[in-house]
Amino acid sequence: MGAPVLNGPFTMPMFQEFVPRKIQPWIYVFFAFTFQLSGGLYLGALNHMVGGMAVMREDILMCLYANLAGMAVYFPLLFRMKFRFTNKTLLMWAAFGAMACNLIAPHITFLPLLWAVCFIEGICKIQGTFECMSNIQLWMTPKRDFTVFFPLLHIVILGSMQFSDLIMTYLMYYYHWNYMHLFIAALMMVDMLVLYTCTKHFRFMKPLPLFGVDWLGALLWSGLLLQIAYMFDYGDWYDWWDSPVIRRLTVSIIITLGICLWRMFTIRHPYYEPKMWTYKHLWPILILIMLMEAILATERVLEEVFYEEVMHYEDLVSVQLDWFALGGILVGCLFSLWWMHIKRFNYFRLLIIGLVALAFYLAGFYFTISSEIHLSQLYAPIACRGFGYAVLSATFMVCLEEIMTFQHFFQALSVFNMLHMVVGGVLGGAIYGQGLSYYIKDNMARYGSAIDSVSFSSAPFDLSHYMETFVSQMMEISIKQIYGWVLYACIFLLLLFLLYDMPVRRQMKQMPHWKDVGRDVKNSFWRTWHKPEQHIKAGE
């Protein structure tokens, strides 16, 4: 990728001669970060956008899902575009598209058009990221080892998510939420300026035409994904299947799915080939990544309600937790790299460690949630969430790459990200939103009986303060209850993994027991820290 010299030092021929070779890969790392920072609309300013744009919370969330859907659906076209256009052309157009979408998105009031702009921005985002990372892959791992590439890639992807939220919050607090779009547009202009002056059009092979691409199939799968996201996003607002809108949408989803499957089995080159679905272990990976994302949807639903409605944190207070999520992500990615590449341990055990981290996150919130806690008590659970998310995301992607051939890998990666980025999150959010609505009403009915004449005996009685405190306590109890149920689900999934791991423990002799792994980790760090002293003594 990027026409490297396989038998010599790593080169990037698309750069002009005056650009120092040592900084060439780092320029592309910077580009990748800027593309990952971009988005259609940014959830860090969700409450402000609801008031400023006169829209609902569901409308803004749908913009997020449209952006993620654009990224997920576009994966099968990435290599076709790479073999058709030069790297400079693709990056220039991706940066221009992301800049244009960020400039016009805040001023669009027609929601379908806004969703379309966010969808296009997602395409530009993934196109730019892929072009950057694919051209420096051999710089990151000369042997094209995905146990190195994917953990490092997730540092860029997941780290950018946290930085985007941090930047959005500070810009919104000191200026206005619209400044985030201007900031991203400025970054894209910097990217285009560097690309225009420092790179050139370079081809390492004759361009391949875009023949045989199932464009209609891509549109149909995109429509199916957006319909599913719309149903679960707006389901609670429409009162689910009591509403004719959701009933008609359900019928439309079934019809669209039928057309997609009919087209997949009848045309010569479908967007997703039937053989792609037949690989061993593909379905367990897809189901598990969807369940993992559904579990982690607590971040967008339960955590935000707790911060805003129970603790009444300002944006600059709650955003401090992003630093600990970022630290957990960095440690999780590096730990995955150490586990899979350096030690070559079993991937299944690494998935168990990721699930344990998620269980600690859920248990931490379940036992910690209270209106009387200090913010610092949430640091450890948030770090566990970041660690578990990084470990599971990187490991599942490595597992997917190892079971697929190159011919179908990007098709499977597209379906993987459909469930990972869109379906799992929107499904989990819908479940938690519905559960929160049920438990708040149930707890108010149960604990409301405590309000009697004795409660009102004090004079003067501050009714507004009493009801505000009462409602806050009911929300606190309801959030705790849902965290408990999610913790049960995570523990149940963890127990299934451990039960499945029992025969592996007996058969795979090259994989040590957990105590031996812990001892090996300790010895590795001990040797690392004491190695300089050994060299000094050897020199003496």
Just wondering, do M62 and D59 contact through their side chains at under 4.5 Å, heavy atoms? no

In terms of the angle between their ring planes, are F79 and F406 parallel, tilted or perpendicular, with boundaries placed at 30° and 60°? perpendicular

For Y366, I'd like to know if atom OH has over 12 heavy atoms of other residues, nucleotides or ligands within 6.0 Å. no

Measuring centre to centre across the rings, with the benzene-like ring taken for any Trp, is Y28 within less than 6.0 Å of F31? yes

Side chains of E131 and F35: does their closest heavy-atom pair fall under 4.5 Å? no

Show the nearest heavy-atom pair for residues C333 and I155, with the distance to one decimal. CB-CG1, 3.4 Å

More than 12 heavy atoms of other residues, nucleotides or ligands under 6.0 Å from CZ of F163: yes or no? no

So for atom CH2, which belongs to W323, do other residues, nucleotides or ligands contribute more than 12 heavy atoms lying within a distance under 6.0 Å? no

Measure the acute angle between the ring planes of W177 and H181, then classify it against the limits of 30° and 60° as parallel, tilted or perpendicular. perpendicular

Checking side chain to side chain contact (heavy atoms under 4.5 Å, CB included) against M292, which of L296, I295, L288 comes through? L296

Less than 3.5 Å apart, any donor N or O on the side chain of Q127 or Y74 sitting next to an acceptor on the other? yes

Could you check whether Y307 and E303, counting side-chain N and O atoms only, form a donor-acceptor pair closer than 3.5 Å? yes

Take a 6.0 Å sphere around CD of E314 and say whether it holds more than 12 heavy atoms from other residues, nucleotides or ligands. no

Between Q473 and N443, does any side-chain donor sit less than 3.5 Å from a side-chain acceptor? no

Side chain to side chain contact (heavy atoms under 4.5 Å, CB included) evaluation trace for M172 with Y179: CA-CA 7 Å; M172 175 187 61; Y179 275 69; over 6 Å; no

If you round to the nearest 0.5 Å, how far is CD of E293 from CD of E299? 9.0 Å

Looking at side-chain heavy atoms only, is the closest gap between M340 and Y347 below 4.5 Å? yes

Among side-chain atoms of T368 and Q377, is any donor-acceptor pair under 3.5 angstrom? no

F409 atom CZ, neighbour heavy-atom count above 12 within 6.0 Å: yes

Taking atom types as modelled and ignoring hydrogens, do the side chains of Y361 and T298 form a donor-acceptor contact shorter than 3.5 angstrom? yes

Which label fits F130 and F410: parallel for a plane angle under 30°, tilted from 30 to 60°, or perpendicular past 60°? perpendicular

